[in-house]
There are 2 protein chains.
Amino acid sequence: MPRPKKVSQTQLAKQLGISQALVSLALNGRSTGINPDTYKRIWDHAVGVGYLPKGMRVDSTPDSARVKQIGFILRAPLRLYIPSTYFGHVQHGLHHALEARGYRAVFLGAEDELSPEKLGQIFHPSHHVGGVAVLGEVAQPFMAELTRLTRRVVAISARYHGLCHSVLGNEPQALIEVVRHLHALGHRRIGWLGGNATLGRHDARLAALRQALKTHDLSLDPRYLTVVAEADRAEGGEAIHALLPHAKRRDFPTAFVTYNTQMAYGASLALQREGWKVPGDISLASADVSRLSVEGALRITGAGTSPDKLGEAAARLVLGESMPDEGYADLVLPAPLVIGNSTGPVRK
Amino acid sequence: MPRPKKVSQTQLAKQLGISQALVSLALNGRSTGINPDTYKRIWDHAVGVGYLPKGMRVDSTPDSARVKQIGFILRAPLRLYIPSTYFGHVQHGLHHALEARGYRAVFLGAEDELSPEKLGQIFHPSHHVGGVAVLGEVAQPFMAELTRLTRRVVAISARYHGLCHSVLGNEPQALIEVVRHLHALGHRRIGWLGGNATLGRHDARLAALRQALKTHDLSLDPRYLTVVAEADRAEGGEAIHALLPHAKRRDFPTAFVTYNTQMAYGASLALQREGWKVPGDISLASADVSRLSVEGALRITGAGTSPDKLGEAAARLVLGESMPDEGYADLVLPAPLVIGNSTGPVRK
DNA sequence: CTTGGTTTTTAATAATTATTAAACTAAGTC
DNA sequence: GACTTAGTTTAATAATTATTAAAAACCAAG
């Protein structure tokens, strides 16, 4: 709902075809002697056109006086019920960092559930949402609309140049680290188990892998590159299963890089079930990190930014900490290598 | 922050020992030419004495314009980053039902993250948390503490007799429906693929299965009963794999009931990979329902309560709708059979 | 059509808030 | 002491909002 400029009760009255006296009475809660339908019509219209009285600009309050809610929005087509350990960790980091500062994270909806009208309602100043974190990459028009309604917007794992702040992991670095690690272990034939086939993130990770291989004068063989629709453990198993029929070939890879730790874990289980040893026969390394990198008997080697840290950094940004006085900050967090036990030297 | 009566900018100015002009400028965000300390002092004082401008009484808005918060808590050891499509759906239902009523769901933390001190802070009256939904079964002392702090507590998928409201699915009915369905298809040898081994819910579902089989004069053979640690697709595959070595036996089951749809789905993929046909060779049915029951090429037959509906019902309860004037309500929602294509007649 | 009750408007004006140029004040520098 | 600068006040007035009694309009029922 656009709010081009201040609108007065006199203008509201003209727009509604009623008297300013009635507008004032309704907006101040007078109910006796006012038709309830008229009352509601007045309120809906006033909120709809963004009416606020003179006297106070709510968005000018010093931070300490603000009601402490920060909204978060999921990119389409995510839903609360679609498992995503990645964004679950982001939310976890966001929740705790906000909580430590006396704020609460409030789910506003998913990108494709939020019409401009709905966004306008959410960000009406009387609702006191102090800022928004957007989890994942949303459509540019959506982001433009959002930043028009509130200036406190932080994009997580996406960047919108000149529109808002952003926090990302250094994903190219992750692939560089993983490839360097595998190369140092002697691996010269490396395959790819990709997931979340429709996402730009998949393509970006694949491109970064190709680039990182190139710096070692290596390349991906299309026969040993597969991409599945989602990216959970079961799909990691499916992905390696699709390639195992070719395992007798002399050029079969000695290591695979996977889209995420979940897929590496699933692939590892599937390989072991088929009699392969990980990392003795095949090494598996992942383009991100998670609990699976550090917990349990099988710990996936990988590189990436802790998504908890993304959430924490986003919380700090949305609250205005370490923010430039003007313009927008793009934070790129490091993506260090985490060595587990899923990678080992090339088998002789 | 009490608001005994209207205070005007002129009065603010007198109280602060400054001019009304400066008050107006500061409250409207004018920063150039105003000392930042003065600016903040004005705002703090204005908010402190409850100043609001004329023109609109926010607390008189029809319901549609008010923001209200309902907290939700996850049972231990869940975290936001531990995938649970079940509780994700519950949250989804809760979020939408609350949103439709002008409320927002706010994550308060997981059971084992919330000390009594922390709970006390959360439920301080100034924080406007209007009630709590508890997702899953928490420790009795925790629930007792929670209900001491606020009376608006709803337990989801758990019951605390005499302590709070609750909403559950009729899980015994689900198993009755599933067994009846399989029996009608001719199945007389039925196995169990259990998950979430450490949860009371698993044990309850298993017990309900045994009971439902008993009414058909059937029983579970321990050789065809397996339980895995978690309950995702990959683990469904593992569970059936563990039993397949016995498939040549004459008494191998013709159907398996699984802990949830995820496991049934994963088991189905694993069976197909081994050359079995589902449901031609083995039928799979699940003790709950989800999107996997109704979407896609493979649709899992199962019975259960839609977790979205649990969330919606909880929202209504926590807001006081259809609630008894005193005492506590325990809602048990029906668990209907949803027939997919994972079950079929016994193979001759 | 008349009547009674409810809702809304009118007109006026009081109260509140916004805005602005000029004047004032305090602090720092030379 | 003179000068400069930043912050604030003053005085005036325009704009916005609140309030109220009386009048007008509307609607349903008889």
Side-chain angles (χ1 to χ4, degrees), chain A residues 1-67 124-128 325-326, chain B residues 1-66:
Chain A
M1 202 64 71
R3 183 184 166 195
K5 56 175 182 171
K6 284 278 191 176
V7 59
S8 66
Q9 287 188 357
T10 304
Q11 287 161 341
L12 286 184
K14 179 168 290 189
Q15 290 161 5
L16 288 162
I18 60 173
S19 67
Q20 179 264 328
L22 194 53
V23 168
S24 182
L25 290 171
L27 293 186
N28 281 287
R30 168 75 161 273
S31 50
T32 58
I34 303 184
N35 184 307
D37 291 338
T38 307
Y39 184 92
K40 188 158 194 306
R41 187 162 69 95
I42 292 166
W43 267 102
D44 288 347
H45 184 67
V47 171
V49 299
Y51 168 76
L52 276 173
K54 306 289 187 267
M56 199 181 206
R57 263 187 57 187
V58 182
D59 61 350
S60 302
T61 64
D63 287 352
S64 61
R66 297 187 83 160
V67 174
H124 189 276
S126 64
H127 285 192
H128 304 300
D325 287 343
E326 57 184 357
Chain B
M1 208 68 68
R3 182 183 166 195
K5 58 175 180 173
K6 284 277 192 179
V7 60
S8 65
Q9 287 190 355
T10 303
Q11 287 162 342
L12 286 184
K14 179 170 289 190
Q15 290 162 6
L16 288 163
I18 62 173
S19 67
Q20 179 265 328
L22 193 53
V23 167
S24 182
L25 289 172
L27 293 184
N28 281 287
R30 169 73 161 271
S31 49
T32 58
I34 304 185
N35 183 306
D37 291 339
T38 307
Y39 184 92
K40 190 165 193 306
R41 186 162 69 96
I42 292 166
W43 267 101
D44 287 347
H45 185 69
V47 172
V49 300
Y51 169 77
L52 277 173
K54 306 290 184 263
M56 199 181 205
R57 265 186 55 186
V58 183
D59 61 349
S60 302
T61 64
D63 285 352
S64 59
R66 281 189 87 162

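Note on naming: letters A, B, ... go to the chains in the order of the sequence lines (proteins, then strands), and numbering restarts at 1 for each one.
- Here the closest non-hydrogen pair linking B:Tyr51 and B:Val7 is CD1-O, 3.1 Å.
- Summarising the geometry, the separation between CG on B:Leu52 and P on C:dT17 is reported as 10 Å, rounded to the nearest angstrom.
- The CD atom of B:Gln11 sits 12 Å away from the P atom of C:dA15 (whole-angstrom rounding).
- Phosphate contact (OP1/OP2 of C:dT17, side-chain N/O of B:Tyr51, threshold under 4.0 Å): present.
- Closest approach of B:Ala13 to B:Gln20, counting heavy atoms only: CB-N, 3.5 Å.
- Distance NZ (A:Lys54) to P (D:dT17): 5 Å, rounded to an integer number of Å.
- Taking side-chain N and O atoms only, B:Tyr39 has no distance below 4.0 Å to OP1 or OP2 of D:dT8.
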Run the side chain to side chain contact (heavy atoms under 4.5 Å, CB included) test on B:Lys14 and B:Thr10 for me, step by step, so that the C-alpha distance in whole Å, both residues' side-chain angles and the decisive distance to 0.1 Å come before the verdict. CA-CA 6 Å; B:Lys14 179 170 289 190; B:Thr10 303; over 6 Å; no
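- By the 4.5 Å heavy-atom criterion applied to side chains, A:Ile42 and A:Leu12 are not counted as neighbours.
- With rounding to whole Å, B:Asn28 atom CG is found 17 Å from D:dA15 atom P.
- Atom NZ of residue B:Lys54 and atom CD of residue B:Gln9 lie 9.5 Å apart, to the nearest 0.5 angstrom.
- The interatomic distance linking B:Arg30 (CZ) with D:dG7 (P) rounds to 11 Å, in whole Å.
- Between A:Leu27 and B:Gly55 the shortest heavy-atom distance is CB-O, 3.5 Å.
- One can place CG of B:Asp37 at 14 Å from C1' of D:dT8, the figure rounded to the nearest angstrom.
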Contact list (N/O, under 3.5 angstrom) for nucleotides 7-11 of chain C vs protein:
{"unit_1": "C:dT8", "atom_1": "OP1", "unit_2": "A:Thr38", "atom_2": "OG1", "d": "2.5"}
{"unit_1": "C:dT8", "atom_1": "OP2", "unit_2": "A:Asn35", "atom_2": "N", "d": "3.0"}
{"unit_1": "C:dT9", "atom_1": "OP1", "unit_2": "A:Ser19", "atom_2": "N", "d": "3.3"}
{"unit_1": "C:dT9", "atom_1": "OP2", "unit_2": "A:Ser19", "atom_2": "N", "d": "3.1"}
{"unit_1": "C:dT9", "atom_1": "OP2", "unit_2": "A:Ser19", "atom_2": "OG", "d": "2.8"}

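- To the nearest angstrom, C1' of D:dT19 lies 15 Å from CG of A:Leu27.
- Rounded to whole Å, the distance from CG on A:Leu12 to C1' on D:dT17 is 12 Å.
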